[in-house]
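Notes for the one structure printed next.
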Amino acid sequence: MTVESTAARKPRRSSKRTGSSAGKAVADPQLVQLLTPEGQRVEHPDYDVDLTPEELRGLYRDMVLTRRFDAEATALQRQGELGLWASLLGQEAAQIGSGRALRDDDYVFPTYREHGVAWCRGVDPTNLLGMFRGVNHGGWDPNSNNFHLYTIVIGSQTLHATGYAMGVAKDGADSAVIAYFGDGASSQGDVAESFTFSAVYNAPVVFFCQNNQWAISEPTERQTRVPLYQRAQGYGFPGVRVDGNDVLACLAVTRSALERARRGEGPTLVEAFTYRMGAHTTSDDPTKYRADEEREAWEAKDPILRLKTYLENEGHADEAFFASLEEESETLGKRVREAVRAMPDPDRMAIFENIYADGHALVDEERAQFAAYQASFATESDGGFAAGEGK
Amino acid sequence: MTVESTAARKPRRSSKRTGSSAGKAVADPQLVQLLTPEGQRVEHPDYDVDLTPEELRGLYRDMVLTRRFDAEATALQRQGELGLWASLLGQEAAQIGSGRALRDDDYVFPTYREHGVAWCRGVDPTNLLGMFRGVNHGGWDPNSNNFHLYTIVIGSQTLHATGYAMGVAKDGADSAVIAYFGDGASSQGDVAESFTFSAVYNAPVVFFCQNNQWAISEPTERQTRVPLYQRAQGYGFPGVRVDGNDVLACLAVTRSALERARRGEGPTLVEAFTYRMGAHTTSDDPTKYRADEEREAWEAKDPILRLKTYLENEGHADEAFFASLEEESETLGKRVREAVRAMPDPDRMAIFENIYADGHALVDEERAQFAAYQASFATESDGGFAAGEGK
Amino acid sequence: MTVQKLPIAKAINESLRKAMETDPKVLIMGEDVGKLGGVFRVTDGLQKDFGEGRVIDTPLAESGIVGTAIGLALRGYRPVVEIQFDGFVFPAYDQIVTQLAKMHARALGKIKLPVVVRIPYGGGIGAVEHHSESPEALFAHVPGLKVVSPSNSSDAYWMMQQAIQSDDPIIYFEPKRRYWDKSDVDTDAIPGPLHKARTVVAGSDLTLVAYGPMVKVCVEAAAAAAEEGKSIEVLDLRSMSPIDFDAVQASVEKTGRLVVVHEAPVFYGAGAEIAARITERSFYHLEAPVLRVGGYHAPYPPARLEEEYLPGLDRVLDAVDRSLAY
Amino acid sequence: MTVQKLPIAKAINESLRKAMETDPKVLIMGEDVGKLGGVFRVTDGLQKDFGEGRVIDTPLAESGIVGTAIGLALRGYRPVVEIQFDGFVFPAYDQIVTQLAKMHARALGKIKLPVVVRIPYGGGIGAVEHHSESPEALFAHVPGLKVVSPSNSSDAYWMMQQAIQSDDPIIYFEPKRRYWDKSDVDTDAIPGPLHKARTVVAGSDLTLVAYGPMVKVCVEAAAAAAEEGKSIEVLDLRSMSPIDFDAVQASVEKTGRLVVVHEAPVFYGAGAEIAARITERSFYHLEAPVLRVGGYHAPYPPARLEEEYLPGLDRVLDAVDRSLAY
Ligand SMILES: Cc1ncc(C[n+]2csc(CCOP(=O)(O)OP(=O)(O)O)c2C)c(N)n1
Ligand SMILES: Cc1ncc(C[n+]2csc(CCOP(=O)(O)OP(=O)(O)O)c2C)c(N)n1
Ligand SMILES: [Mg+2]
Ligand SMILES: [Mg+2]
């Protein structure tokens, strides 16, 4: 994929409802945008947000701190403190915009990259790092912040979100559920099945697809030949493409979709058109498969920069704000760094914990054998140092 | 589901390309029809067929013989000669129309109900009965008639068809592939994945969905809230709904979709709107879940009757034709009956045959043990009669 | 009236009904479970009495069924999911293995997954392909799942009660060819633990271990052997994960001989696990190697051959004889 | 130059290249197999040389990958499919078990399914969840599949050649933590049969059986034991279906003792099958019960605990000692 081919798929007409074309990329509704890459506030017939300067600064702060946290995690991976990191660089607006559209009682089903959404939910960022450090497979209580664990198997969580939303509807609650997934994930059978179930049961769920143009080394063309948001209409619910680097538009579109869900009108697919600025993960080397120019073109659309320009132009934020945010960023970075370094390795007996809620005889047996085996080293003449080498 | 709700979803506007509505059932293209239930030949802006009287009689004959065969199989099941039968009653036009649109070099991937398509491919009908009698899991060579084995796991074959079509394209052949599936199957992840793969690789495949309104006891509303043919557009290829009880329209629409595939324009979804007049299979009891009136309403749309009326009105067939067809039907019925009754049980050693093309040591071992075990009965004093009772 | 003679299918139906009456969070989901009451009528009448909101006909998509059941469980529901036939559980296998089995551990115990997956399984009903399989080992090998199978109506009733009450995901295999076999169910009884084996026939010369549909065959084999003066003990395993090795061990250390019987292919089957573990536990007690009787390493054959494929009385007795010959 | 020292990953790469050169019907399919050359670079350079038509980046859908590979095989192609990591094979499990494994039998032998499914498997690379699993038993239990795993570069090369040439579907498990281990590959050698075990170390006191990543550990264990005067024979199984029981039996009847080692959970694992069958075959030769060393009945743990979970030198030696103590 080249920059051109991506650009060629950029839609031209805007609409809350999805467009008509099948088999060719004409007459796409333009993507919803409220803030241009140049930081200009623009109108949209269907979507709007009316935010106070404080709220705008809040969104800016969220994005800056999220990016700072993400950069710190990448650095910690390089330093060997984390085994892996999946950076959200470039996707801050999509995540903060959608994340801030949520109510406390809404429920989030993320992939492995939703650090910005986690931030909006109030999940302590350091909690996200456990699985990447290798001390656990998910270190938070999903119900504390209505933020489910990260899901690594691509697409699976869309069904969990749909089932959860079916439960919300059963309970008569007016909460909504949001399922995050990627452009690559859109090909998984599970995602299609979640569209079917949510449509048939009219479940209050928003499918939030961050189309960051890449699934590891594969461009979105490997997953679809028409814009992804159009997928929804064939299942009987609306799809909309939003500028995923525009935090205001992401907020507005997600809010509208959540409201629709609350009103009992069922699911919506939101395609946030954005870009993965970094590697897929720290294990990945994008120079193998994509051109620098593409990344550079997207740099001009940076989500944080455009909001900064807007805040400055409108006089909504002053130097002091930016300076104090800078400081807050550094404090966050430091806190994260220290927390990770202090993160203890799990006790080896944790292998046998929480496998079953009600216990399992074999686990009990193996736990006991393991403990005895470990103990056998301690009683040997070498004083137990061999235990750690039982590899 | 009631008759009304089905009728309510009947689309109103016709189009070769798919329509626009998302989230509601307005402005659907009407289903393509060339022959009304009353036997009237009507025009359609996008589709037509120009058939000689002989060809028309041929289609009629195909449908009548297929129905006769199907009835015989149902009877054979009642007589205990078959363990099960999945009747195509009511779906003759969809199957004969689409089946007769195929060229010899095209390839068919059926479900378990495509007896009419098998007929068009020249598969000996008695070969279809082996699996229902329980003597094999599929009794024909798929490559003899380019007609794959029946697939029971819902939806799986759509991926095989897509892969096969990818191979056809690779070979530079201008053949096409057709994948049959049902309204229920449309919910399976595999079917969605086949849409994605075929679109991305532009594979020459036609997805032929017989929407017979039911998936065992579940009405189509349990699978989708919009007409199924619309599913295609979100994957970037056209979908079209055809009157599945109109053999001419099914022929025309399938032919057009196959031609499109041959031209390298990729997949098409054809939704043949039809009705399962009988039970799901001989094991099923539809009185548990659907009203007689629904069936009666569909009886008025019978695919065979309408062509008969047309043939008679146009003077394309005379009494002699109908009489000789009647006779041919009886002969077919008799042949099938006798063939089934004469069908030998498989040799017990067949359990160990054809599991691997290149052999497998354990299979060899178990085969030998089994043979020795069987032989042990033969050498016992009772003269071997116990062998058959080794249950 | 607390003791009733019920077919297994009806016992499960009654158990589901009881659970739904007791706990409004219990849901039933699956293909055709509503008006039709399931292709085996196991959910017959439940939608009529509990409504479409609690007995849910789902789209035809097994991964979707299990995946949404997981979501419902996360919301506090207790879904009992029906897979129509053994051979159709595989589209749901990913959700079962990577999500249902692991989510509790992934969340360090902070969330629970009380989902029951009901699977009518096994052969002997003269069905077409995919309708006669015994895939239990494919689930028992997976940490995080529990796998059980009743062999009679009382167990069918009570094990379902216990499975629904359990906070763990449970794969509940129903011996479909025994659905119509009747036996007593005492709905007021105090049931034993879900994962304990049960001695069906006491004996002293050899132990037969089976579960689900094969228990009946083993009981018949024990009776036939008794006529020849052989005293066979029959254990109904009831649970394939965990396995009640203590019970098997105790029996084997009494009889000195063990034959394990199941319909599933022997190769990598439950019999392998039982043979390996019991041989390790009771090495010096075994007079003969543990023998296994089960399916061949072959796809389940067409119906006209299934009686040759399935372990029957003669094959069990043959193994008994071979074991006793050591 | 016919003998080269190659890492396992490169040996597979060379083998795929050779197969593609030899047979234009050989295709490579999977996620990121093209420009990127796969996340482990096993297909590196192949798309560049053979084009996008033969090295196919697929949509992110494993069922679709295997399902379309089946279709391509029916059309006469020989697809070699890559599953990116062990834990991601499950979405394709249905196509593998119900279609790939059974279609040849279903067609009474009239069609062939020469599909190779490559799966990098096992732990030890410090990865996140789903990237360290050993699901081989879940395939070996299924009739119609063959399951193999190389432990060194020569086998990696030749077993891939043979797998591609085979007309049967083969699940080819690649020991990912050994990808970078180098050993000699003779590309002109005449390889032995695909499904035969190989004696890696000869010995007389006890037999260690392993495959894939565990062979190395067992060789080290044999060396360590040798220092203590114990003579351990190490067998590389190479094939988990079929299993070369003759080779294991011959070794055990010489040594009298057997320990089976694998990373997969012991419960219902390959070790169970080997223990059960060898005990049956060699009942009077065994001085001790067959012991098994493997994964626990627990989800594969987070990376910081994997060395505790994986069978290592000490755990193997512990089992050796326990066996010898009988
Ligand atoms: C079922 C499954 N297959 C393969 C993978 C390996 N994998 C991890 S991320 C990824 C790409 C995902 O792309 P996308 O959905 O676009 O999300 P993104 O990473 O771009 O956020 C792949 C193939 C996986 N995690 N799960
Ligand atoms: C994966 C799978 N799940 C369930 C079944 C059981 N089953 C057989 S046919 C059927 C209904 C199929 O409905 P549809 O696709 O509309 O085809 P129809 O039978 O109406 O022709 C079901 C649920 C199956 N064969 N495969
Ligand atoms: Mg992406
Ligand atoms: Mg149908």
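Reminder, nothing fancy here: chain letters follow the sequence lines and each chain counts from 1.
In summary, the aromatic rings of Tyr150(B) and Trp140(B) are positioned with their centroids under 6.0 Å apart. Remark: aromatic rings of Tyr296(C) and Phe267(C) are distant, center separation not under 6.0 Å. When ring centroids are compared, Phe195(B) and Tyr235(B) come within the 6.0 Å threshold. The ring of His131(C) has its center closer than 6.0 angstrom to the ring center of Phe88(C).
The contact between His297(C) and chain B is made by backbone and side chain atoms together, counting heavy-atom distances below 4.5 Å. Heavy atoms of Asp57(C) lying under 4.5 Å from chain B belong to its backbone as well as its side chain. With a 4.5 angstrom heavy-atom cutoff, Ile351(B) touches chain C via backbone and side-chain atoms both. Neither the backbone nor the side chain of Arg367(B) comes within less than 4.5 Å of any heavy atom of chain C. The contact between Gln84(C) and chain B is made entirely by side chain atoms (from C-beta outward), counting heavy-atom distances below 4.5 Å. Looking at Phe90(C), there are no atoms closer than 4.5 Å to chain B (heavy atoms on both sides), in backbone or side chain. Heavy atoms closer than 4.5 Å to chain C are found in the side chain of Tyr356(B), but not in its backbone. Proximity to chain B is absent for every atom of Glu306(C), based on heavy atoms less than 4.5 angstrom apart. Of the atoms belonging to Leu362(B), it is side-chain heavy atoms, and not backbone ones, that fall under 4.5 Å from chain C. For a residue to count as touching a neighbouring chain, one of its non-hydrogen atoms must lie under 4.5 Å from one of that chain's; by this rule Tyr309(C) touches chain B with backbone and side chain alike. Contacts between Arg322(C) and chain B at a heavy-atom distance below 4.5 Å are absent for every atom of the residue.
Counting heavy-atom pairs closer than 4.5 Å to chain C, the top-ranked of the candidates Val153(B), Val363(B), Asp190(B), Val191(B) is Val153(B). Top candidate by heavy-atom pairs under 4.5 Å with chain C, chosen from Val135(B), Leu84(B), Asn354(B), is Val135(B). Contact tally against chain C (heavy-atom pairs below 4.5 Å) for Gln369(B), His280(B), Arg222(B), Glu365(B): the top residue is Arg222(B). Among Glu218(B), Glu366(B), Gln223(B), Met131(B), the residue making the largest number of heavy-atom pairs under 4.5 Å with chain C is Glu218(B).
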Where do Glu271(B) and Gln230(B) land on the side-chain contact (heavy atoms from CB on, under 4.5 Å) test, with the steps shown first? CA-CA 9 Å; Glu271(B) 178 192 4; Gln230(B) 294 181 4; over 6 Å; no
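Salt-bridge check for Lys10(C) with Glu14(C): passed, with a basic side-chain N closer than 4.0 Å to an acidic carboxylate O. A salt bridge between Asp321(C) and Lys230(C) is present, with a side-chain N of the basic residue lying under 4.0 Å from a carboxylate O of the acidic one. Arg337(B) has no carboxylate O lying under 4.0 Å from a charged side-chain N of Glu81(B), or vice versa, which leaves the two without a salt bridge. A salt bridge between Glu263(C) and Arg177(C) is present, with a side-chain N of the basic residue lying under 4.0 Å from a carboxylate O of the acidic one. Ion pairing between a basic and an acidic side chain is recognised when a charged N comes within 4.0 Å of a carboxylate O; Asp86(C) and Lys176(C) show such pairing.
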